[in-house]
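In what follows, every chain begins at residue 1, and chains take the letters A, B, ... in the order their sequences are listed.
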There are 2 protein chains.
Amino acid sequence: MSISSRFSVGIHILTLIEINKDGVSSSEYLAASVNTNPAVIRKIMGMLKKAGLLKVQPGIAGAELAKDLSDITLLDVYKAVNVVKDNELFSIHENPNPDCTVGRNIQNTIEPLFFTAQNTLENVFKNVTIEDVVKDIFEKEKVNAKSK
Amino acid sequence: MSISSRFSVGIHILTLIEINKDGVSSSEYLAASVNTNPAVIRKIMGMLKKAGLLKVQPGIAGAELAKDLSDITLLDVYKAVNVVKDNELFSIHENPNPDCTVGRNIQNTIEPLFFTAQNTLENVFKNVTIEDVVKDIFEKEKVNAKSK
DNA sequence: CGTCCTGTAACTACAATGAATACAGGTAAT
DNA sequence: ATTACCTGTATTCATTGTAGTTACAGGACG
């Protein structure tokens with residue numbers, strides 16, 4: 001099992017729109033950078049738009065960020081692209097046997113653990129913004145240029 | 001997307017084997033508590049055995065823990081049942097365009113973030129043992145008895 | 001030898017992913 | 001208004017993972 005690449009693609013899209021803010025970020029342009037089909041990009045853009053992260057209009061080429069760079073966290077993206085339903089990162093087997101000590105208590109014991117783990121994970125993403133990603137990409141670009 | 005219930009079933013199995021240590025924990029017995037098919041249980045038991053958490057022998061009914069209760073962490077179980085391949089909790093889109101500033105750097109920017117998130121998640125499970133789970137189940141059982 | 005067990009393989013149904021194609025409908029320039 | 005290009009969306013497809021089921025080979029043991 002792996003969490004869908006919609007998450008990383010979503011980050012890619014938002015980052016590129018920012019870096020290309022003087023140009024036109026059409027789904028085709030973005031698809032060329034991500035290296036996938038424009039329809040896939042449009043679908044993800046639709047999710048980002050629905051979450052209020054992106055401004056796009058039918059018929060008009062290009063998209064722009066709907067919020068300030070530093071106001072978009074990776075958690076926003078994570079939630080937007082719907083890679084994991086709320087509190088369902090881990091699935092718990094259904095209907096354990098209520099006639100067994102373990103069966104009738106295991107769910108209540110495990111659930112809080114799973115929720116904690118999930119929250120911990122999400123907190124990591126809550127503390128990183130698209131601005132951080134943009135800065136890091138410029139950083140990496142600089143290092144590459146020097147090493148040539 | 002959800003992480004396979006093999007994880008919660010694995011915890012259930014180990015916990016029940018402990019609590020039923022004076023009895024015989026056959027795959028059929030465990031399956032009745034988990035409420036699934038014995039073959040499913042045997043498959044997961046095979047994984048737990050392979051990871052050195054469980055002692056089982058062909059032909060002999062029952063299984064027992066291969067380690068001390070307090071030496072089996074949930075992370076051991078998590079790794080054992082192979083619900084997430086190493087460092088692949090998040091999938092990153094392949095082959096982004098190297099001719100684009102974002103395309104050629106995004107993977108190196110995102111990967112460390114994903115690894116951090118994954119490690120944070122796993123650390124939660126590293127700090128909980130089967131012993132903790134067993135204790136919590138007895139705790140919950142006590143509370144239930146009182147509320148009757 | 002018969003019985004019960006574990007270990008596996010094979011098959012099923014089902015859901016999610018990611019890519020691809022197609023097209024309806026919006027926008028705008030000519 | 002016609003044309004060209006865009007977004008939004010439905011549909012289809014191949015692939016993969018999950019979870020359950022059945023079946024059976026082979027071990028253990030009375």
Side-chain angles (χ1 to χ4, degrees), chain A residues 1-10 12-13 17 23-51 54-64 66 80-85 88-96, chain B residues 1-10 12-13 17 23-32 34-51 53-64 66 78 80-85 88-97:
Chain A
M1 193 285 324
S2 253
I3 288 173
S4 165
S5 68
R6 282 199 303 277
F7 185 25
S8 65
V9 172
H12 189 143
I13 289 174
I17 287 175
V24 175
S25 297
S26 65
S27 63
E28 193 174 353
Y29 171 79
L30 295 168
S33 174
V34 171
N35 190 26
T36 184
N37 195 288
V40 172
I41 297 292
R42 287 200 291 272
K43 194 172 176 187
I44 298 176
M45 285 173 79
M47 293 175 166
L48 296 172
K49 179 184 181 181
K50 199 173 159 190
L54 211 59
K55 278 185 279 189
V56 209
Q57 280 180 320
I60 305 180
E64 49 186 87
V81 296
N82 201 32
V83 283
V84 172
K85 286 182 201 150
E88 289 187 21
L89 176 55
F90 299 93
S91 42
I92 301 187
H93 54 293
E94 312 260 307
N95 310 316
Chain B
M1 190 284 326
S2 254
I3 288 173
S4 166
S5 67
R6 284 200 301 278
F7 185 25
S8 65
V9 172
H12 189 144
I13 289 174
I17 288 175
V24 176
S25 296
S26 66
S27 64
E28 192 174 351
Y29 171 79
L30 296 168
V34 171
N35 190 24
T36 183
N37 195 288
V40 172
I41 297 293
R42 288 200 291 273
K43 194 172 177 187
I44 298 178
M45 284 173 78
M47 293 175 166
L48 296 172
K49 179 184 182 180
K50 200 173 160 191
L53 306 180
L54 209 58
K55 278 186 280 189
V56 208
Q57 280 179 320
I60 304 181
E64 48 186 271
Y78 178 87
V81 297
N82 200 33
V83 283
V84 172
K85 285 183 202 150
E88 291 188 21
L89 176 55
F90 298 93
S91 41
I92 301 187
H93 54 293
E94 312 259 307
N95 311 315
N97 191 341

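The backbone N or O of A:Ile3 sits less than 3.5 Å from a side-chain atom of B:Ser91, completing a donor-acceptor pair.
Across all strands shown, A:Lys50 has no heavy atoms under 4.0 Å from either base or sugar-phosphate atoms.
Rounded to the nearest 0.5 Å, atoms NE2 (A:His12) and CD1 (A:Ile17) are 10.0 Å apart. In this structure, the separation between CZ on B:Arg42 and NZ on B:Lys49 is 12.5 Å, given to the nearest 0.5 Å. If you take CG on A:Asn95 and OG1 on B:Thr36, they are separated by 11.0 Å, rounding to the nearest 0.5 Å. Here the CD1-CD1 distance, from B:Ile44 to B:Ile13, works out to 5.0 Å after rounding to the nearest 0.5 Å.
Here A:Ala32 pairs with nothing under the side chain to side chain contact (heavy atoms under 4.5 Å, CB included) rule; sequence neighbours left out.
In this structure, the CD atom of B:Glu94 is 17 Å from the P atom of D:dT15, given to the nearest Å. As rounded to whole Å, 11 Å separates atom C1' of C:dA19 from atom CD1 of A:Ile44. Rounded to an integer number of Å, the gap from B:Met45 CE to C:dG7 P is 7 Å. A:Lys49 has its NZ atom 12 Å from the C1' atom of D:dT9, to the nearest Å. Atom CD1 in A:Ile13 sits about 11 Å away from atom P in D:dT7, given to the nearest Å. For the pair B:Phe90 CZ and C:dT17 C1', the interatomic distance rounds to 17 Å; values are reported in whole Å. The CD-P distance, from B:Glu64 to C:dT6, rounds to 13 Å in whole Å.
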Task: Nucleic acid footprint by protein, nucleotides 19-30 of chain D - heavy-atom cut-off 4.0 Å, B for base, S for sugar-phosphate alone - done: SBBBB---BS--
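One finds no side-chain N or O of B:Ser26 lying less than 4.0 angstrom from the OP1 or OP2 phosphate oxygen of C:dC5.
For the pair A:Lys85 and A:Pro38, both in contact range of DNA chain C, the more 5′-proximal nearest nucleotide belongs to A:Lys85.
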